[in-house]
Number of protein chains: 2
Amino acid sequence: MHKRISLSPESTRCSTCMLNSLCLPLGINSNDISKFDEVVSERIRIPKGETLFHQGDRSVAIYGIRSGSIKTQLEDATGQVQVTGFLLPGEVVGIDGFLNTTQLSNAIALEDTEVCVARIDDMDRVAAHVPAVQHQLRRLSSEEIKRSQQLVVALGVLRSEQRLAAFLLNLSQRLAALGYSPSEFVLRMSREEIGNYLGLTLETVSRLFSRFARENLIRIHQREVQLLDLPMLRQLSGVDCG
Amino acid sequence: MHKRISLSPESTRCSTCMLNSLCLPLGINSNDISKFDEVVSERIRIPKGETLFHQGDRSVAIYGIRSGSIKTQLEDATGQVQVTGFLLPGEVVGIDGFLNTTQLSNAIALEDTEVCVARIDDMDRVAAHVPAVQHQLRRLSSEEIKRSQQLVVALGVLRSEQRLAAFLLNLSQRLAALGYSPSEFVLRMSREEIGNYLGLTLETVSRLFSRFARENLIRIHQREVQLLDLPMLRQLSGVDCG
DNA sequence: CGTGAAATTGACTTCTCTCAACTAGCGTGG
DNA sequence: CCACGCTAGTTGAGAGAAGTCAATTTCACG
């Protein structure tokens with residue numbers, strides 16, 4: 001199993017975490033936030049490429065990402081992979097499993113990653129008498145469904161270039177929310193992983209990056225991206241145009 | 001608004017409904033099932049083509065389908081449509097909205113349909129002191145995520161023929177659970193709606209039906225389908241092959 | 001500095017869409 | 001009851017998008 005870090009009183013807890021306004025305790029006031037300190041008992045370190053949980057595992061917890069990043073993916077019997085999400089710090093992994101008794105997806109670290117563990121039975125116990133926590137679980141479930149539905153729309157109605165543009169914009173926006181540059185970042189995933197997320201081959205992803213660069217929409221060198229023309233990318237993605 | 005039918009004591013209630021083992025009260029024992037009679041206060045009739053709720057509406061209830069069928073779809077600003085599901089009797093519509101404060105999708109009747117209304121505040125009130133009901137809501141949320149993820153996989157990794165085969169098999173299985181023939185049924189949706197669900201054009205759907213018929217996998221005449229070769233369809237869908 | 005994985009690029013194939021013509025079936029009203 | 005018109009569905013031809021296979025290139029890492 002992964003390296004577990006028990007949280008001593010002097011460790012960073014939810015109440016003192018920089019990410020608490022984005023992560024598990026989102027929208028919970030400072031009185032109730034301490035309830036999360038009660039629930040989040042430990043952290044786990046997951047080295048790059050290692051699995052946090054497997055599809056089919058009994059669900060024991062949900063995980064707030066403290067640093068690093070995680071991909072979730074579904075695998076069928078034939079070994080075909082559909083990546084269902086790339087999660088960043090402050091985001092929560094394992095909600096789909098929380099609602100079920102077993103995990104629906106695999107969660108794999110894209111880089112060395114640290115996650116805060118909120119055990120399901122602790123969550124349930126606390127939620128029973130803290131409506132804010134209950135509400136939070138519902139919000140997280142709703143987010144999960146929205147994310148999934150967004151992906152359905154991308155795969156169902158967008159063309160490849162629109163999917164990739166929307167993907168870059170989505171990342172940009174989420175990184176901005178974390179205080180990073182919205183226009184310059186490093187992709188933590190390979191072309192193949194992007195392809196498995198967007199329902200495209202790695203070659204198509206690579207060609208599109210090259211084309212976007214040729215059209216001066218982005219600059220890209222390996223995994224370093226710079227978004228040069230956000231308005232044009234937005235228009236291309238077809239998400240907002242009327 | 002739609003025709004509302006208040007439920008008098010002698011009306012069919014959850015406790016006496018044929019569908020109760022599939023619908024809202026699934027897996028709830030006969031003691032607790034009467035709690036649903038408390039929650040399900042009325043039924044609504046939705047004529048074919050009419051909308052049960054719109055994307056953006058404040059969520060007030062979840063709906064168990066008593067008869068008929070419903071499609072749910074997302075629409076973006078450009079009017080592009082992604083159908084996210086076709087729901088049959090005994091299935092529950094509006095869970096995504098239940099978790100949110102507003103509806104995420106539109107729900108439209110494919111034929112004259114009757115739904116049982118479980119108001120969210122009633123549900124929450126009852127759930128607070130009936131764990132079985134709470135558990136049930138979680139189960140329904142989980143089902144919703146699974147459904148959505150299944151669609152993601154279909155759109156992301158399956159080819160058109162596999163999508164359509166999987167679609168037919170899925171319908172077949174759900175109809176069988178209702179006691180209908182798994183091999184002979186009537187499609188309640190148009191080719192275009194199937195296309196909008198599977199991320200294909202109506203022409204592609206039509207061509208695939210013709211091809212399946214030519215290959216003696218199915219027989220199809222307008223909306224009447226007969227599945228002639230279930231094993232072959234299963235193999236084609238790629239869902240189970242090793 | 002060499003090796004291997006990841007990424008790029010090209011040539012070609014295949015799948016799906018688009019546009020268009022045509023057909024079948026259904027409902028309405030004369 | 002039939003005729004008309006409308007909608008849904010089918011089919012074909014051609015275009016365009018994305019996939020496949022293969023050859024390089026780049027870069028990270030030992």
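To find a chain, count down the sequence lines: A is the first, B the second, and so on, and within it residues start at 1.
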Q: Rounded at 0.5 Å granularity, tell me how far CG in N106(A) sits from CG in L74(A).
A: 7.5 Å

Q: How long is the line joining CG of L155(A) and P of dT16(C), in whole Å?
A: 15 Å

Q: Does N20(A) use its side chain to pair, donor to acceptor, with the backbone of C14(A) at less than 3.5 Å?
A: yes

Q: Measure from the side-chain N and O atoms of Q82(A) to the backbone N and O of N196(A), and report whether any donor-acceptor pair falls under 3.5 Å.
A: yes

Q: Quick one: I220(A) CD1 to dC27(D) C1', roughly how many Å, whole number?
A: 14 Å

Q: Could you check how far CG of L187(B) sits from C1' of dA8(D), rounded to whole Å?
A: 13 Å

Q: Measure from the side-chain N and O atoms of R163(B) to the backbone N and O of L158(B), and report whether any donor-acceptor pair falls under 3.5 Å.
A: yes

Q: Counting just side-chain N and O atoms, does R223(A) come under 4.0 Å of either OP1 or OP2 of dA7(C)?
A: yes

Q: Which residue, S160(A) or Q222(A), contacts DNA chain D at a nucleotide closer to its 5' end, judged by nearest heavy atom?
A: S160(A)

Q: Tell me which residues in residues 199-209 of chain A put a heavy atom below 4.0 Å from DNA chain C, sorted by number, or none.
A: L202(A), E203(A), S206(A), R207(A)

Q: Calculate the interatomic distance between L158(A) atom CG and dT16(C) atom C1'; express it in whole Å.
A: 16 Å

Q: Calculate the interatomic distance between N196(B) atom CG and dA8(D) atom P; express it in whole Å.
A: 13 Å

Q: Taking only side-chain N and O atoms of H221(B), does any of them lie within less than 4.0 angstrom of OP1 or OP2 on dG25(C)?
A: yes

Q: Side chains of S105(A) and T72(A) only: does a donor on one sit below 3.5 Å from an acceptor on the other?
A: no

Q: Tell me: CZ of R191(A) to P of dG19(D), nearest whole Å?
A: 16 Å

Q: Can you see whether S67(A) engages E114(A) through a side-chain donor-acceptor pair at a distance of less than 3.5 angstrom?
A: no

Q: Atom CD in E143(B), atom CD1 in I95(B): separation rounded to 0.5 Å?
A: 10.0 Å

Q: Just how far, in rounded Å, is P of dG19(D) from CG of L198(A)?
A: 11 Å

Q: Take atom CD of E224(A) and atom P of dA7(C), then tell me their distance rounded to the nearest Å.
A: 12 Å

Q: Could you work out which one of dT8(C), dC15(C), dA18(D) sits closest to the side chain of R159(A)?
A: dA18(D)

